[in-house]
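Read the structure below first, then the notes.
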Amino acid sequence: MEIADAIVDSLLDFADTLEQEYQEWKKNDSDQTQQEKAKNQHSQPTSTVENPFADASLAANLLRRLTEVWKPRPQAPSLYFERLCSIYLVATSEQRVRIRDYFKDRPGVQWELSSYSRKKAQEVQLEHSIDQNIKVIRLVLAGISIENTLPDDWYETPETLIKMTAQAKRQGIDVDTLFAEIIAISDKIAAEFLSMSELR
């Protein structure tokens, strides 16, 4: 199956929209944080605490924005990333390089892609068909290949993959072959991460 470059173009254009939303949020959040820090210092002039999370009210506001104002949108981005990962799996090597390069230095869409991959991995369940679980595993691994970075958290992402592969093995799925398939089309960083035997 040959993928037209125009399809890749449209996928990356949408990624740019997501990134612009993230950067706008980041700027507004930074401005608001500075205002709250200034207000907090004005109301407590004797405080020498540098960590904003040391103040309960400020911490609450920061966490509220992180969890409510900016979070992966539940529907559109999920469908988008599923489409992106599906296209990545059948794209040419040149198109895959282009997709990976496009996601470099775009922390907003990278964060959402990582979130998508972790959530998608939880869909591998024994009550699902083998074909369905194989499709999910390939999408999850494709997302990691596109991201092509080491996980920000050295617990959640590996732990999610370990649980996913454990479920797959219980169903008799050859996860080593699936990992090898994605490693073969990945760049160095993702390939080395997915090659870790501890993940499966």
Side-chain angles (χ1 to χ4, degrees), residues 1 3 7-8 11-12 14-15 18-19 22 66-67 70-93 95-97 99-100 102-104 106-200:
M1 177 182 179
I3 300 300
I7 295 178
V8 176
L11 287 169
L12 299 184
F14 188 78
L18 293 178
E19 183 64 26
Y22 169 80
L66 287 172
T67 56
W70 175 255
K71 58 185 177 182
R73 277 60 51 92
Q75 187 65 15
S78 178
L79 295 175
Y80 163 72
F81 286 120
E82 184 154 334
R83 176 67 170 162
L84 174 70
C85 292
S86 297
I87 293 297
Y88 181 82
L89 288 169
V90 295
T92 65
S93 57
Q95 288 170 334
R96 285 194 291 267
V97 169
I99 291 171
R100 288 195 299 265
Y102 197 87
F103 274 73
K104 287 180 181 178
R106 286 179 166 84
V109 288
Q110 277 203 358
W111 181 76
E112 291 217 37
L113 175 58
S114 179
S115 178
Y116 161 80
S117 297
R118 290 195 299 269
K119 290 181 179 179
K120 194 68 179 176
Q122 297 171 13
E123 294 182 14
V124 176
Q125 300 292 334
L126 292 177
E127 60 267 24
H128 297 162
S129 70
I130 290 177
D131 287 345
Q132 183 178 353
N133 282 336
I134 288 176
K135 177 182 177 181
V136 170
I137 293 169
R138 294 179 78 240
L139 290 173
V140 170
L141 299 181
I144 293 173
S145 179
I146 294 171
E147 205 177 344
N148 197 37
T149 60
L150 293 177
D152 289 334
D153 56 272
W154 273 100
Y155 172 76
E156 189 172 1
T157 298
E159 186 69 15
T160 300
L161 291 178
I162 290 169
K163 290 179 179 178
M164 179 188 75
T165 55
Q167 287 283 76
K169 284 182 175 181
R170 290 176 63 189
Q171 204 175 27
I173 295 173
D174 183 0
V175 295
D176 288 335
T177 297
L178 295 175
F179 270 72
E181 174 197 354
I182 306 304
I183 289 170
I185 64 173
S186 298
D187 201 15
K188 183 177 180 181
I189 297 176
E192 290 182 351
F193 172 65
L194 292 174
S195 295
M196 295 172 58
S197 60
E198 295 86 351
L199 298 178
R200 54 190 189 278

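In what follows, every heavy atom counts, from backbone to side chain, and hydrogens, waters and symmetry copies are set aside.
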Sequence neighbours left out, what passes salt bridge (charged side-chain N to carboxylate O under 4.0 Å, His left out) with [X]? Give chain and number order.
X	result
Arg96	none
Asp174	none
Glu159	none
Arg106	Asp16

Test side-chain contact (heavy atoms from CB on, under 4.5 Å) on Tyr116 and Leu84 and set out the steps.
CA-CA 11 Å; Tyr116 161 80; Leu84 174 70; over 6 Å; no

Shortest non-hydrogen separation from [X] to [Y] and the atoms involved:
X	Y	answer
His128	Glu123	ND1-O, 2.8 Å
Val109	Glu19	N-OE1, 3.0 Å
Leu12	Tyr102	O-OH, 3.0 Å
Asn133	Val124	OD1-CA, 3.3 Å
Ile144	Ser117	N-OG, 4.1 Å
Ala190	Ser145	CB-CA, 3.8 Å

What's the spacing between [X] [atom1] and [Y] [atom2] if we round to 0.5 Å?
X	Y	atom1	atom2	answer
Ser115	Glu156	OG	CD	8.0 Å
Leu178	Thr165	CG	OG1	10.5 Å
Arg200	Asp176	CZ	CG	5.0 Å
Ile137	Ile130	CD1	CD1	10.5 Å
Gln132	Glu127	CD	CD	9.5 Å
Glu112	Tyr80	CD	OH	10.0 Å

Under the 3.5 angstrom rule, does the side chain of Ser114 hit a backbone N or O of Glu147 as a donor-acceptor pair?
no

Any donor and acceptor pair, going by atom type alone, linking the side chain of Ser86 with main-chain N or O of Glu82 inside 3.5 Å?
yes

From the list Gln95, Arg100, Arg83, side-chain hydrogen bond (donor to acceptor under 3.5 Å, both in side chains) with Tyr88 holds only for Arg100

Give every residue pair that meets the salt bridge (charged side-chain N to carboxylate O under 4.0 Å, His left out) criterion with at least one member in residues 178-188, sequence neighbours excluded.
Arg138-Glu181

Test of understanding: with side-chain contact (heavy atoms from CB on, under 4.5 Å), list the residues that count as partners of Ala121, not counting sequence neighbours.
Val140, Thr160, Met164

Taking C-beta and beyond as the side chain, do [X] and [Y] meet within less than 4.5 Å on heavy atoms?
X	Y	answer
Ser93	Ile185	no
Phe193	Thr157	yes
Ile134	Ile173	yes

